[in-house]
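One structure follows; several queries about it will come next.
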Amino acid sequence: MIKFQGNREEFGKFYAACLRENGHDFYHNANRPTLNRQLKIYQQFYPELITELTTAAETLDLDPELLLYEDIAASVDHWRARMNRHNHGCTIFAIHENGQTFVGRNYDWLPQAREFYNEYRLEIKGANRYFGFSDESVWARHTGKNTRKPYFEDAINEHGLYIGLTFSHIDQWNYGLLPNHFIRLVAEKCQTTRQALNLFARIPGAVPKNFLIADAKGDLAVVEHAAKRYAVVRPNKNGVLIHTNHCLSPELQLFDHVRTHNPTTNSFVRYAEAEFLIANQMPNFQFTDIWRILRKSHYIYNPETIWSLALELSSQRFNIYHDTAMGQKEQKFSFDK
């Protein structure tokens with residue numbers, strides 16, 4: 001696990017060191033109109049990130065526009081051009097029962113992520129402490145070592161607030177925060193699901209993603225974000241909330257292209273299997289039941305699963321399971337160590 005403690009400028013230098021260490025291949029040109037639109041949004045809603053990136057560029061003796069464009073604006077242009085489309089198979093669920101809040105997550109990334117995956121423990125001055133989990137920005141046609149950078153797609157903070165994302169097949173885009181920056185901002189600024197939802201209500205999002213949010217008191221929600229609109233999905237009457245890669249909200253199902261993007265998608269069967277396996281463990285769901293669902297399933301766990309998270313947010317019991325060539329490896333982590 002990679003650890004950091006310091007202020008924003010120091011984190012910028014830490015970020016620069018990560019890029020330098022991996023021989024990062026930086027952008028040579030920036031689309032200024034897109035960058036300018038994005039900069040206005042970030043300066044209003046996440047100016048701390050601009051501080052980090054400008055410090056990193058200064059440390060690297062790099063034109064700040066190039067790093068800013070790469071980190072806050074290039075994805076808008078990529079999405080507009082329909083780049084980076086491939087099959088995604090992530091499953092995430094949350095359960096609140098008997099005063100406990102459980103979260104389970106399987107990440108089915110590109111196979112190259114096995115080599116690059118990292119865990120981070122961050123203590124940035126003035127922000128909540130949190131753990132972040134990153135495939136190091138591995139994506140199709142961009143999978144070499146020289147592209148590695150921290151890119152958090154899950155986070156758990158010291159208040160027991162969790163946020164994680166799954167891929168969306170909605171073909172829309174907007175100017176706004178990128179998904180990994182929403183993850184960081186929620187982890188750094190919020191303590192509860194309600195606070196996180198208020199943040200989503202105020203801040204525009206750039207590309208479609210699904211965000212599952214759960215807090216220590218059992219408030220569960222999914223934000224199905226379609227860039228220019230979003231919907232909030234709540235748990236069923238048993239306190240169970242599941243999301244894979246298809247839309248659940250009726251208003252966004254009209255824009256969901258999961259079947260046309262991937263006619264053989266297993267998103268629906270993963271959802272059904274998770275629903276079935278969770279129901280079999282209820283009532284009186286236990287922490288060890290998460291492992292049975294994540295790692296002993298047929299579709300939720302599959303050959304592309306890189307790692308799994310098993311969390312109990314109320315008592316902050318956190319486990320991560322690695323998928324390695326030598327077999328599954330379990331690791332416990334906490335804010336006390």
For a side-chain contact (heavy atoms from CB on, under 4.5 Å) with I72, tell me which candidate from T34, L49, I41, L177 qualifies.
L49
F268 CZ: over 12 foreign heavy atoms closer than 6.0 Å:
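Enclosed: over 12 neighbouring heavy atoms sit under 6.0 Å from CZ of F268.
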Check whether the side chains of N106 and R270 place a donor and an acceptor atom closer than 3.5 Å, and report yes or no.
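Checked: N106/R270 side chains show no N/O donor-acceptor pair below 3.5 Å.
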Can you sort out the partners of Y15 under ring-ring contact (aromatic ring centres under 6.0 Å, His included), two or more places apart, ordered by chain and number?
none
R129/E188 ion pair, N-O < 4.0 Å:
no
P204 and F182: which non-hydrogen atoms are nearest, and at how many Å?
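For P204 versus F182, the nearest heavy atoms are O-CZ, 3.6 Å.
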Is any NZ, NE, NH1 or NH2 atom of the basic residue among E119 and R121 found under 4.0 Å from an Asp or Glu carboxylate oxygen of the other?
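Result for this pair is no, no salt bridge flagged.
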Contacts of type salt bridge (Lys or Arg N to Asp or Glu O under 4.0 Å), residue E273, not counting sequence neighbours:
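Partners of E273 by the salt bridge (Lys or Arg N to Asp or Glu O under 4.0 Å) criterion come out as none, since no residue qualifies.
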Would you list the pairs meeting ring-ring contact (aromatic ring centres under 6.0 Å, His included) in which at least one residue belongs to residues 33-76, sequence neighbours left out?
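Listed by first then second residue: Y27-Y69, Y42-H181.
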Under 4.5 Å between side-chain heavy atoms, counting indirect links through other Ile/Leu/Val/Met/Phe/Trp/Tyr residues: same cluster for Y301 and I242 or not?
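No: no chain of side-chain contacts under 4.5 Å links Y301 to I242.
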Hydrophobic clustering (ILVMFWY, side-chain heavy atoms < 4.5 Å, transitive) - are W291 and M282 grouped together?
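No.
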May I have the list of side-chain donor-acceptor pairs in residues 218-228 shorter than 3.5 Å, sequence neighbours left out?
residue	atom	partner	partner atom	Å
D219	OD1	R234	NH1	2.6
E224	OE1	L248	N	3.4
E224	OE1	S249	N	3.1
E224	OE1	S249	OG	2.5
E224	OE2	H243	NE2	2.6
E224	OE2	L248	N	2.7
H225	ND1	A227	N	3.2

Following the transitive rule for hydrophobic clusters with a side-chain heavy-atom cut-off under 4.5 Å over Ile, Leu, Val, Met, Phe, Trp and Tyr, establish whether V258 and Y271 coincide in one cluster.
no
Quick one: closest heavy-atom pair of T59 and R20, and the distance?
O-NH2, 3.2 Å
Intermediate values then yes/no, side-chain hydrogen bond (donor to acceptor under 3.5 Å, both in side chains), Y107 and E153:
CA-CA 10 Å; Y107 238 121; E153 301 194 14; 2.4 Å; yes
Is the shortest side-chain N to carboxylate O distance from E10 to R8 below 4.0 Å?
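Here E10 does not pair with R8 in a salt bridge, since their nearest N and O are not under 4.0 Å apart.
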For the residue pair I163 and I183, what are the closest heavy atoms and their distance?
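Minimum heavy-atom separation between I163 and I183: CG1-CD1, 3.7 Å.
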N29 atom CG: more than 12 heavy-atom contacts under 6.0 Å:
no
Sole residue of H261, H246, H257 in ring pair (Phe, Tyr, Trp, His ring centres under 6.0 Å) with H169:
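So the option named by the test is H261.
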Please determine if E123 and K3 form a salt bridge, counting it only when a charged side-chain N lies under 4.0 Å from a carboxylate O.
no
Holding to ring-ring contact (aromatic ring centres under 6.0 Å, His included), I want the full list of residues that pass it with Y175, two or more places apart in sequence or in another chain.
W173
Separation between CG of N245 and SG of C90, rounded to the nearest 0.5 Å
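Output value for this atom pair is 6.0 Å.
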Please indicate whether Q281 has more than 12 foreign heavy atoms, meaning atoms of other residues, nucleotides or ligands, lying under 6.0 Å from its CD.
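Yes, CD of Q281 has more than 12 neighbouring heavy atoms, counting only those of other groups under 6.0 Å.
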Hydrophobic cluster mates of L254, side-chain heavy atoms under 4.5 angstrom, ILVMFWY only, any path?
I170, L252, F255
